[in-house]
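All chains are named by letter (A, B, ...) in the order of the sequence lines, taking the proteins before the strands, and each is independently numbered beginning at 1.
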Amino acid sequence: MTDILMPALSPTMEEGTLAKWHVKKGDAVKSGDIIAEIETDKATMEVEAVDEGVVEDILVAEGTEAVKVNTPIARLAGEGASAAAPAEPTAKANGAAASDAPEEQPAAEAKAPPTGEGPAAVTPAEPLRDPELPQGATLTKVTVRDALRDAMAEEMRRDESVFLMGEEVAQYQGAYKVSRGLLDEFGERRVIDTPITEHGFTGLGVGAAMAGLKPIVEFMTWNFAMQAIDQIINSAAKTLYMSGGQIRCSIVLRGPNGAASRVAAQHSHDYSSWYANVPGLKVVAPYDAADAKGLLKAAIRDPNPVVFLEHEMLYGVEFDVPDVDDWIVPIGKAKVRRTGADVTITAHSRMVGLALKAAEELAAEGIEAEVIDLRTLRPLDHETVVESVKKTGRLVTAEEGWGSMGVGAEVIARVLEHAFDYLDAPPARVCQEDVPLPYAANLEVLSLPSVEKIVQAAKAVSYR
Amino acid sequence: MARARAAAKPGGKTTKPDAKTGKDDLLGYYRDMLLIRRFEERAGQLYGMGLIGGFCHLYIGQEAIAVGVQAIKKPGDQVITGYRDHGHMLACGMDPREVMAELTGRAGGSSHGKGGSMHMFSTAADFYGGHGIVGAQVSLGTGLAMANRYRNTGNVSFTYFGDGAANQGQVYESFNMAELWRLPVVYVIENNQYAMGTSIERSSAETELFRRGASFRIPGEVVDGMDVIAVRDAAAKAAEHARAGEGPYILEMKTYRYRGHSMSDPAKYRTREEVDEVRKTRDPIEHLQELMARQGVADDAALKAIDADVKRIVADAAEFARTSPEPDPSELYTDVYLEAAR
């Protein structure tokens, strides 16, 4: 007797909907038979039987939502394996076939990692009201993924010169489903599937921007943009200056950045400090859905090239987004997400969630942390950080990338320049360990920043 | 549709003297080529005097290409090239003063002195640079064509690159997308036979560069790049193809640079005899003079007047470039970002 388990369709999938059973109790199945369909918010996949046998029982009914990965969904009687075996998910055969490339990670409802506390998106318990939020605005729960899509759709409706190009953005609806629905609304002239050719299509996008269009170039992940970094830096960032202000390049380069889950070193790189090093670029790295939407709209309207760093682990997380027309969050302003008098913690992107969780734990021990979401890395709003440090006298920086020459190093340098006399302790950096990100689950957790590491750093600078 | 057309046809031809080309046109080509040659000679001189710094790549010997293509350009057609760009800028009609002053890094330069020899632009002249990274302009120029298609302007992007850039990967990424999307771009390969010091035979498995589009179904042909009429007619045909929605076209211009790769290159990789042979037998300006003589339009007085005019323009540009002030220190922080509209 073998239990068929709910399979994970991607490294970050936690749960899904059991959409359809293709077999019923008493049916004989053999290895390779399609037995069920599973849906996440990103993809529909068919499930194949791994073992031979007769379906003894269906344990989870068709249409059940939020079925956790590894939940037994059916029982097979036969000569199959004795241990419980997850079914084999396969791409749906109807042409929307998922690539079998390792970079393809459809589906991601990321709330907690498979092991430990590693890559976890944490929603703050009591978020501060956004200072930009208009009085009386209602809030709607929206995922970061949909907030990004809404931002693009709104700007494409508003400005005919805005278009989206990238791998799988159109017919496939986005490798991470961020561009879902855009092809239907805007057509193939404005939502353009490119070949897998980052260097070339980024150059085309930059050239189109120089001609006055406003391209949004999606990278399936920023890891692949290293192929295109010459066009981003040498062409997009520098040409305005080199042309004495003549050649403009209003372009948004966006996609997921940093560590996802179990995809190892080449697919987990955080490029925050790389791009934030370059004059001529603006670099934005939002945490929640409201910022994702408001900052992306601002980025699309910005006349400069904007590197927009998203995070795969946040795509499926819901946050409040103000239900107002034309929600814009200005580039270049940090946000105090939690006030506290004892220690300042800076973070951006997914690390904001970890910092907020750390602040809760610190509060339980009597340390009130002020958490600052940097939101924009270039230009860096160090004033907000400096003001905070003048109050707390202590600083911890949290970032997902390596510490050496990193964002934290820059934040600390600015604080030393502007608030040296206010510091009561040497600042501390929480960052990825100085190794390529390992694949093994335990090593991955060890190498990434965590709530615990932030708590420890905050205590250390507080001499506690 | 032309999908199944022969992607490249071997062999090329030197266009016969064209009876349709009027005297004024011929004199115009002569003037433009001579301006480039005299300008470049003067730039070389200013470099020697220390007035021009850094890298300086001269276009001497290749003049017929920029001038021949320019002859068939329509308003709004873009030009983009690599760092051997002075000739294209002058052909596009940029003011020789602002080109020379950019070479000397002065406030009167087209980029206010912040770009230099390799990085000059003119939106007014539809000239998009002037790019210092070998091959980068090919993707960018294909992107200009993408914008033309997006806006349905009917314009063509003339994207120039050399035999050296022809081996860069992004060139082929761009070829693929240009043909896939039928973008209106004419790729003008200026094959001067040496990528810096490496001859094409030592760098390229396929030395017939017009064939390089074959696997993308892009038609290509070889053109005598020392013959301004041949260049012009080939460019006209290629542009017509692109403008008609048939997609990209490759023109391999066989040419030769007389000077070293840059001012600091003693050009030891080729013999003095080789250079002299080309100068003696294939010089584009002399070629045109002979053509005019054969057609009986070589009006000595007109040619002399052009020579004098060009001499005066170049002297004036050099003087301007010498006396224009260096950029104000306040220019250091301008043009890094554009102000976002609120």
* Which one of A:R301, A:Q227, A:K238, A:R248 has the most heavy-atom pairs closer than 4.5 Å to chain B? -> A:R248
* **Interface moiety of A:V278 toward chain B, non-hydrogen atoms closer than 4.5 Å** => backbone
* Residue B:I80 versus chain A: region with a heavy atom under 4.5 Å -> neither
* Asked: Any donor-acceptor pair under 3.5 Å linking the side chain of A:Q246 with the backbone of B:T123?
  -> yes
* Against chain A, label B:E339 side chain, backbone, both or neither, depending on which of its atoms sit under 4.5 Å from a heavy atom there. => backbone
* Does the side chain of B:H88 pick up a donor-acceptor pair with the side chain of B:E190 at under 3.5 Å? -> yes
* Taking atom types as modelled, find out whether B:S111 and B:H119 have a side-chain donor-acceptor pair closer than 3.5 angstrom. => no
* Asked: Is it the case that A:E410 and A:N277 place a side-chain donor and acceptor less than 3.5 Å from each other?
  -> no
* Asked: Is the B:Y83 to B:F55 ring centre distance short of 6.0 Å?
  -> no
* Structure fact -> Among A:A208, A:G212, A:S243, the residue with the most heavy-atom pairs under 4.5 Å to chain B is A:S243
* To do: Look at the rings of B:H241 and B:Y249 and say which category their plane angle falls in: under 30° parallel, 30 to 60° tilted, over 60° perpendicular.
  => perpendicular
* Asked: Does the pair B:H57 and B:S117 meet the rule for a side chain to side chain donor-acceptor pair (under 3.5 Å), with working shown?
  -> CA-CA 8 Å; B:H57 309 88; B:S117 167; 4.7 Å; no
* Decide whether B:T142 and B:Y187 meet the rule of one side-chain donor and one side-chain acceptor closer than 3.5 Å. => yes
* Structure fact -> Looking only at A:E160, A:Q231, A:R190, most heavy-atom pairs under 4.5 Å shared with chain B are made by A:Q231
* Examine whether an atom of B:M177 lies under 4.5 Å from a heavy atom of chain A, and if so say whether it belongs to the side chain, the backbone or both; otherwise answer neither. => side chain
* To do: Below 4.5 Å from any heavy atom of chain A, which atoms of B:S122 appear? Answer side chain, backbone, both or neither.
  => both
* Asked: chain B: which of A:D302, A:I192, A:N304, A:I331 shares the most heavy-atom pairs with it under 4.5 Å?
  -> A:N304
* Is it the backbone or the side chain of A:S250 that comes under 4.5 Å from a heavy atom of chain B, or both, or neither? -> neither
* Structure fact -> From the list B:S139, B:G135, B:S110, the residue making the most non-hydrogen contacts under 4.5 Å with chain A is B:S139
* Segment of B:L338 engaging chain A (4.5 angstrom heavy-atom cut-off) -> both
* To do: Measure the spacing between NZ of B:K74 and OG1 of B:T153 and express it to the nearest 0.5 Å.
  => 12.0 Å
* To do: Give the member of B:M120, B:H112, B:M118 that has the highest number of heavy-atom pairs under 4.5 Å with chain A.
  => B:H112
* Under 4.5 Å heavy-atom distance to chain A, tell me which part of B:N176 shows up: side chain, backbone, both or neither. => side chain
* Asked: Roughly how far, to the nearest 0.5 Å, is CD1 of A:I247 from CZ of B:F127?
  -> 9.5 Å
* **Proximity breakdown for B:Q137 and chain A, heavy-atom pairs closer than 4.5 Å** => neither
